[in-house]
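Report on the structure given below.
Only heavy atoms go into these numbers, but all of them, side chains included; no hydrogens, no water, no symmetry mates. Convention: sequence-line order gives letters A, B, ...; per-chain numbering from 1. The structure displayed is predicted, hence computed values, not measured ones.
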There are 2 protein chains.
Amino acid sequence: MTERSTGAPLPRGLRQAWGLDTTAGRPGPKAMLSLAGIAASAIALADAEGAEALSLGRIAERLGVTTNALYRYVDSRDDLDVIVHDHALGAPPRIPDGADWVEAAAAWCRALRDRYARHPWLSDMRVRIPFAPHSLAWLEDLLERLEGSGLGDRERLQAAGLLDGYVRTRAGAARDLLRADAGTPDAGEVIERIGPDLFAARVPRVASLISAGLYRTPHEVAEEDFEFGLDRILSGLRRLAGG
Amino acid sequence: MTERSTGAPLPRGLRQAWGLDTTAGRPGPKAMLSLAGIAASAIALADAEGAEALSLGRIAERLGVTTNALYRYVDSRDDLDVIVHDHALGAPPRIPDGADWVEAAAAWCRALRDRYARHPWLSDMRVRIPFAPHSLAWLEDLLERLEGSGLGDRERLQAAGLLDGYVRTRAGAARDLLRADAGTPDAGEVIERIGPDLFAARVPRVASLISAGLYRTPHEVAEEDFEFGLDRILSGLRRLAGG
DNA sequence: ACCTGAACACCGTTCAAGT
DNA sequence: ACCTGAACACCGTTCAAGT
């Protein structure tokens with residue numbers, strides 16, 4: 001038992017996620033809820049209605065409980081967001097045997113993309129420095145995959161940030177396209193409203209790409225875009241590694 | 001005057017940003033505010049207190065006006081966000097003469113990074129498909145820089161998305177580090193709270209990188225990280241272009 | 001120790017005036 | 001056409017009970 005240094009304590013939800021809050025055998029009434037249950041309920045809500053629908057009240061309603069009850073499990077809305085994000089992300093997949101480091105890294109990227117595809121609202125959550133267990137496990141896993149690359153410590157960390165950022169960016173773009181399928185703003189319609197002539201005069205290259213249909217991106221094309229960027233990055237990394 | 005097709009009209013703020021709302025010479029009292037003034041006020045507020053401080057009420061307060069007055073200039077909070085984002089981004093820089101396409105693209109990326117550095121809270125704003133004039137002008141500008149590359153239409157658009165996403169990701173990371181300098185969560189402290197042994201057992205590679213000080217990122221190191229990823233991407237693109 | 005109920009400050013949005 | 005003032009539903013958060 002080492003002395004605790006001064007400073008802010010870990011938020012309740014994060015502490016629980018790391019398995020530090022051994023709630024077993026404590027006095028008083030036993031809990032009606034669990035952090036995992038709260039997270040699952042929040043995820044179901046977000047899956048159904050998107051990130052904007054997430055609120056303490058809506059989650060509590062689903063659980064048949066008062067809003068304030070959630071504060072027994074979580075310190076704040078912010079704390080809750082971290083937990084929900086981490087639960088929706090889930091544990092990273094196992095590393096495939098026998099793949100070289102480039103293929104292993106590519107598999108990591110596709111796996112992360114798939115998680116985002118399953119929960120598109122993840123792209124709407126504020127990005128944070130990851131300290132939740134699953135988030136860190138993903139990073140750990142990617143670092144492991146990069147160990148065969150011959151890149152240095154620093155370079156592996158940089159490469160991990162590059163790949164992770166790439167996947168998240170693409171996931172956000174894919175989410176936007178999903179959203180465009182439903183209701184909101186269609187490129188062609190917006191241009192119509194702005195005025196095609198004004199639009200073409202101001203941003204001719206963008207206008208011509210749109211009218212060539214290159215802005216319209218069905219699912220398989222988004223897949224190609226994803227692989228395009230991934231290939232560029234991995235090609236750049238392989239070259240650096242002297243492959 | 002062509003017939004308007006059915007569908008949602010352009011939000012008021014966006015229409016104004018494109019110069020479509022010729023407010024001159026209309027009946028009734030003249031406006032006390034302007035969209036540009038509202039945006040400037042919002043930017044000053046966010047610069048001072050961050051994205052969380054942004055609200056219609058706080059902006060109106062700075063302008064000496066009621067919250068509801070803003071609805072004469074903007075359709076919704078969402079509409080306002082688009083305008084604020086676009087104003088903070090500003091117009092893209094001119095293309096440097098004589099640079100080859102790789103250097104021109106790199107200059108674009110650095111310029112965008114600098115805009116984000118000036119307004120770090122931009123990284124906290126929801127990412128959207130860009131339809132505001134400055135946002136589109138940046139895209140137009142990058143597409144122009146890529147014209148000398150020999151890449152095809154589709155590839156140029158993909159490359160633009162890749163580079164743009166990269167810069168935004170890095171800007172978000174840089175913002176997190178800024179935030180870590182002030183108050184919030186320090187890596188070492190969080191590990192201390194989780195328990196260094198548990199942490200090292202679960203994510204050994206991350207733990208060793210942190211204890212090696214590679215997580216600590218002063219300003220010049222962030223700069224190196226930025227150039228690292230940029231080099232990888234541009235190297236991958238050059239190779240594709242057959243350079 | 002858990003959960004409820006009441007209260008607070010704040011948020012975006014609407015509607016009916018006033019000028 | 002602009003701006004105000006009142007009202008609404010909703011949000012996160014706190015505090016004092018109850019069990």
Exercise. Does any N or O in the side chain of A/Asp124 come within less than 3.5 Å of the main-chain N or O of A/Ala51, such that one atom is a donor and the other an acceptor?
Worked result: no
Exercise. Distance check: side-chain N/O of B/Arg77 vs OP1/OP2 of C/dG12, anything under 4.0 Å?
Worked result: yes
For this session: Starting from P on C/dC11, measure out to CG on B/Asp81 and report it in whole angstrom.
Result: 14 Å
Problem set entry | Residue closer to the 5' end of DNA chain D, B/Thr67 versus B/Gly28 (nearest nucleotide) | B/Gly28
Exercise. Checking B/Glu140 side chain against A/Arg205 main chain: does a donor-acceptor pair fall under 3.5 Å?
Worked result: yes
Exercise. OP1 or OP2 of D/dT13 sitting under 4.0 Å from any side-chain N/O of A/Tyr71?
Worked result: yes
Problem set entry | Integer-rounded Å distance: D/dC2 P and B/Leu35 CG | 12 Å
For this session: Rounded to the nearest 0.5 Å, what's the gap from CG on B/Leu112 to CG on B/Leu89? Could you check?
Result: 6.5 Å
Problem set entry | Length of the CZ-C1' vector between A/Arg72 and D/dT14, whole Å | 12 Å
Exercise. Base, sugar-phosphate, or nothing for A/Ala69, non-hydrogen atoms under 4.0 angstrom?
Worked result: base
Exercise. Looking for any heavy atom pair under 4.0 Å, which part of the strands does B/Ser76 touch: base, sugar-phosphate only, or nothing?
Worked result: sugar-phosphate
For this session: Please state how far atom CD1 in B/Ile38 lies from atom C1' in D/dC2, giving the value in whole angstrom units.
Result: 12 Å
Problem set entry | Mate of C/dG18 where both pairing distances stay under 3.5 Å, Watson-Crick or G-U | D/dC2
Seminar exercise, completed: Here the distance between atom C1' of D/dC10 and atom CZ of A/Arg58, to the nearest Å, is 11 Å
Problem set entry | Short N-O contact, A/Asp79 and A/Arg15, less than 4.0 angstrom | no
For this session: For the pair A/Arg126 and A/Asp78, find out whether any cationic side-chain nitrogen is under 4.0 Å from an anionic carboxylate oxygen.
Result: no
For this session: Check the distance between C/dG12's C1' and B/Asn68's CG and give it to me in whole angstrom.
Result: 10 Å
For this session: Give a yes/no answer on whether the side chain of A/Ser55 brings an N or O atom under 4.0 Å of OP1 or OP2 in D/dC11.
Result: yes
For this session: Would you mind checking if B/Glu223 and B/Arg113 are paired as a salt bridge, meaning a charged N to carboxylate O distance below 4.0 Å?
Result: yes
Problem set entry | Integer-rounded Å distance: C/dT14 P and B/Leu70 CG | 14 Å
Exercise. Which sits closer to the 5' end of DNA chain D, B/Thr66 or A/Leu56, going by the nucleotide each is nearest to?
Worked result: B/Thr66
For this session: Tell which nucleotide pairs with D/dA7, taking only Watson-Crick or G-U wobble pairs whose two distances are both under 3.5 angstrom.
Result: C/dT13
Exercise. Any salt bridge between B/Asp114 and B/Arg118, counting N to O under 4.0 Å?
Worked result: no
Polar pairs (N or O, both sides) under 3.5 Å between protein and nucleotides 16-19 of chain C?
none

Problem set entry | Rounded distance (Å) that lies between atom C1' of C/dA9 and atom CD of B/Glu52 | 17 Å
